[in-house]
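One structure below.
Both counts, for ligands and for their atoms, begin at 1 and track the order of listing.
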Amino acid sequence: MTDPHGLVDKVVAELPGWLPAQRWFGGKDRPVTSVRPLRTTVLRGGEPLLVHLVVEVEQPGRSEPYQLLITEQVENYDATLDHELTGVLLDLIAENREVDGLRFAHEPGVELQTGLRGRPITSEQSNTSLVFGSQYILKLFRKLTVGENPDLVLQRALHEVGCEHIARPLGSITGELDGRPTTVGMLQQFLPDAVDGWAMATTSVRDLMTERDLHANEVGGDFAGEARRLGQAVATVHADLERALGTQHADGDDIERSVRAMVTRLDEVVSRVPELEPFVPALREAFEQARDTTPGAIAIQHIHGDLHLGQVLRTVHGWLLIDFEGEPGAPIAERTALRSPLRDVAGMLRSFDYAAHQLLVGRPEDHQLAVRALEWARRNRAAFTQGYAEAVSSSVGDPRGRGYLLRAFELDKAVYEVAYEHANRPEWLTVPLSSIARITGEGAAQS
Ligand SMILES: Nc1ncnc2c1ncn2[C@@H]1O[C@H](COP(=O)(O)OP(=O)(O)O)[C@@H](O)[C@H]1O
Ligand SMILES: O=P(O)(O)O[C@H]1O[C@H](CO)[C@@H](O[C@H]2O[C@H](CO)[C@@H](O)[C@H](O)[C@H]2O)[C@H](O)[C@H]1O
């Protein structure tokens, strides 16, 4: 087929059934009622066609734009699976080309190799990333948000101040949405030997679980040294973001806004996930407590916004942070707002809890494993916060001095995770729910 319109019509008709099966689709909680094409750009004519397509996906109570690359050659028309065709994207970036309003550009001073094939990475994710050779990784944002994507904005700013804990930004693809330039893709340096923190941490947990007679500090795969270095890296990135983009003191309005956002999220999530119901009073109390923060006492700035062990890569030179897009499910205004860096600390603390407790999914009765999981989580959470506190340059200082605020942020993240797991991995719902039970239970025991 060489008729792009015929291809688009055919694909659009199939999308209501196809989209909900995609890992990156953010609307799995409700049916797709209709899909309508917003913009079609032919990136390669003839056989095979390569078409860039932005569609508006309608669902009850929401309407959101998504990006697709389509062709008639591969299964389901998804051109991101065609290694040859996706090479076109890198070549367009290398050549600083504009195609029908879609701008492909490399970063200033960057020279890119062309003619490479782009293979999609297979890990579960919110967007689609293509790896070219062993040099580059191109992320195609799936759900689009009008304007420049914070992932690109923050990593560019970090690169400019010489941050050592990110992969170098190399290029971008910009389209137009609602009349505004909108980031649809980001090219970065690929680290072929990097291992993500989630893989490392869960290996360490498994080692501990296997050695039933030993403690976390006695087994070969102890992660605490890495957790501490990771804390140092996160604090350094916070300090670099502060240097690049500034910081300010949270005033009464900022504090009020933050508390309201946590309570609103709780109300919204509990309306969809009744399993959360028993914890609502304790969660509310924890969020309301954050209102006692003295105006001016905490700093707010740009932060990562969705920090967890899957967002950090261990390279031979140390830890790197990736994916500064914020929580994929949160509104863009919230994702780009200045917030306390403690939120990132809380996100990572949640992730240590996740790594430890995911092995208990499907085995809730195993008391021995539950004890070991808690031991691992406590050790690594403590090592991470210690590392964070040691890197004195961050405006937060020692997160351990911010107990009630950190607790509120951790619980807020866990509420987000309840919604995330409910929509994406229902069998994992027990992971955040059991954490909420534990954290609120510990709070009740102290009071
Ligand atoms: N610069 C990089 N070098 C090596 N691997 C990377 C790099 N950036 C991302 N990855 C891999 O790609 C995965 C998805 O990247 P991420 O930015 O988190 O995408 P998403 O927004 O889809 O979650 C990561 O979990 C990591 O395994
Ligand atoms: O796709 P993203 O990486 O941007 O983030 C989303 O998916 C994450 C899962 O892949 C989810 O993270 C949750 O599960 C992780 C383990 O798989 C765990 O390390 C995190 O602590 C936990 O929040 C993340 O919340 C979601 O935004």
Exercise for the section: Using a strict cut-off of less than 4.0 Å between a Lys/Arg side-chain nitrogen and an Asp/Glu carboxylate oxygen, indicate whether R229 and E226 qualify as a salt bridge. Expected result: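 Looking at R229 and E226, the cut-off is met.
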
Problem - Electrostatic pair R257-E334, nearest N-O below 4.0 angstrom - result: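 Not counted as a salt bridge, because no side-chain N and carboxylate O are separated by less than 4.0 Å.
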
Practice task
May I ask you to check whether Y420 has an N/O atom sitting below 3.5 Å from an N/O atom of ligand 2?
Solution key: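 It does: an N or O of Y420 is found under 3.5 Å from an N or O of ligand 2.
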
Exercise for the section: Give yes if a backbone or side-chain nitrogen or oxygen of E417 is under 3.5 Å from a nitrogen or oxygen of ligand 2, and no if not. Expected result: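 Right, the criterion is met.
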
Check each of [options] against [atom] and report the one with the nearest heavy atom.
atom                    : options                : result
atom 13 (C) of ligand 2 : R23, E325, E327, R425  : R425
atom 7 (C) of ligand 1  : L313, V312, D196, L140 : L313
atom 25 (O) of ligand 2 : W198, Y354, Y416       : Y416

Looking at [atom1] of [X] and [atom2] of [Y], how far apart are the two atoms once the value is rounded to the nearest 0.5 Å?
X    : Y    : atom1 : atom2 : result
D151 : K139 : CG    : NZ    : 4.0 Å
Q311 : D196 : CD    : CG    : 9.5 Å
N380 : R378 : CG    : CZ    : 13.0 Å
L158 : R243 : CG    : CZ    : 9.0 Å

Handout entry: Min N/O separation N127 to ligand 1 under 3.5 Å
Key =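 Yes; the residue has a nitrogen or oxygen that sits under 3.5 Å from a nitrogen or oxygen of the ligand.
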
Exercise for the section: Would you check whether S129 has a nitrogen or oxygen atom less than 3.5 angstrom from a nitrogen or oxygen atom of ligand 1? Expected result: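 S129 vs ligand 1: no N/O contact under 3.5 Å.
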
Practice task
Examine the side chains of D29 and H422 and answer whether a donor and an acceptor come within less than 3.5 Å of each other.
Solution key: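 Side-chain D/A pair, D29 to H422: absent.
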
Side chain or backbone of [X] under 4.0 Å from ligand 1, or both, or neither, by non-hydrogen atoms?
X    : answer
Q189 : backbone
L191 : both
I137 : side chain

List ligand 1 atoms under 4.0 Å from [X], heavy atoms only on the residue side.
X    : value
D323 : 16 (P), 17 (O), 18 (O), 19 (O), 20 (P), 21 (O), 23 (O)
G310 : 25 (O)
A167 : 1 (N)
Q311 : 18 (O)
S126 : 20 (P), 22 (O), 23 (O)

Exercise for the section: Say whether, by atom type as modelled, one donor and one acceptor occur between the side chain of E14 and the main chain of V11 under 3.5 angstrom. Expected result: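 The answer is no, because no donor-acceptor pair under 3.5 Å joins these two groups.
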
Problem - Contact check, Q188 vs ligand 1, heavy-atom distance below 4.0 Å - result: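 Contact absent.
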
Handout entry: Close approach, A194 and ligand 1, non-hydrogen under 4.0 angstrom
Key =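 In this structure, A194 fails to qualify as a contact of ligand 1 - no heavy atom is under 4.0 Å.
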
Atoms of ligand 2 less than 4.0 Å from [X] heavy atoms?
X    : result
S351 : 18 (C), 19 (O), 20 (C), 21 (O)
S126 : 1 (O), 2 (P), 4 (O)
D323 : 4 (O)

Exercise for the section: I would like to know whether V431 and E417 meet side-chain contact (heavy atoms from CB on, under 4.5 Å); could you show each step before the answer? Expected result: CA-CA 9 Å; V431 179; E417 290 164 345; over 6 Å; no

Practice task
Report the C-alpha distance between Y354 and E421 in whole Å, list the side-chain angles of each, state the deciding distance to 0.1 Å, and finish with yes or no for side-chain hydrogen bond (donor to acceptor under 3.5 Å, both in side chains).
Solution key: CA-CA 12 Å; Y354 249 79; E421 302 301 359; 2.6 Å; yes

Exercise for the section: Step by step, work out the side-chain contact (heavy atoms from CB on, under 4.5 Å) result for V234 and L307. Expected result: CA-CA 9 Å; V234 172; L307 199 56; 3.8 Å; yes

Exercise for the section: Pick one of side chain, backbone, both or neither for how K413 approaches ligand 2, counting any non-hydrogen atom pair under 4.0 Å. Expected result: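 Within the 4.0 Å criterion, K413 makes no contact with ligand 2.
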
Exercise for the section: Using salt bridge (Lys or Arg N to Asp or Glu O under 4.0 Å) as the criterion, list what pairs up with E327, not counting sequence neighbours. Expected result: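 Listed in chain order: R265, K413.
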
Practice task
May I ask you to check if R343 and F409 form a cation-pi contact, with NZ or CZ under 6.0 angstrom from the six-membered ring centre and within 45° of the axis?
Solution key: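 The answer is yes, since R343 meets both limits relative to F409.
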
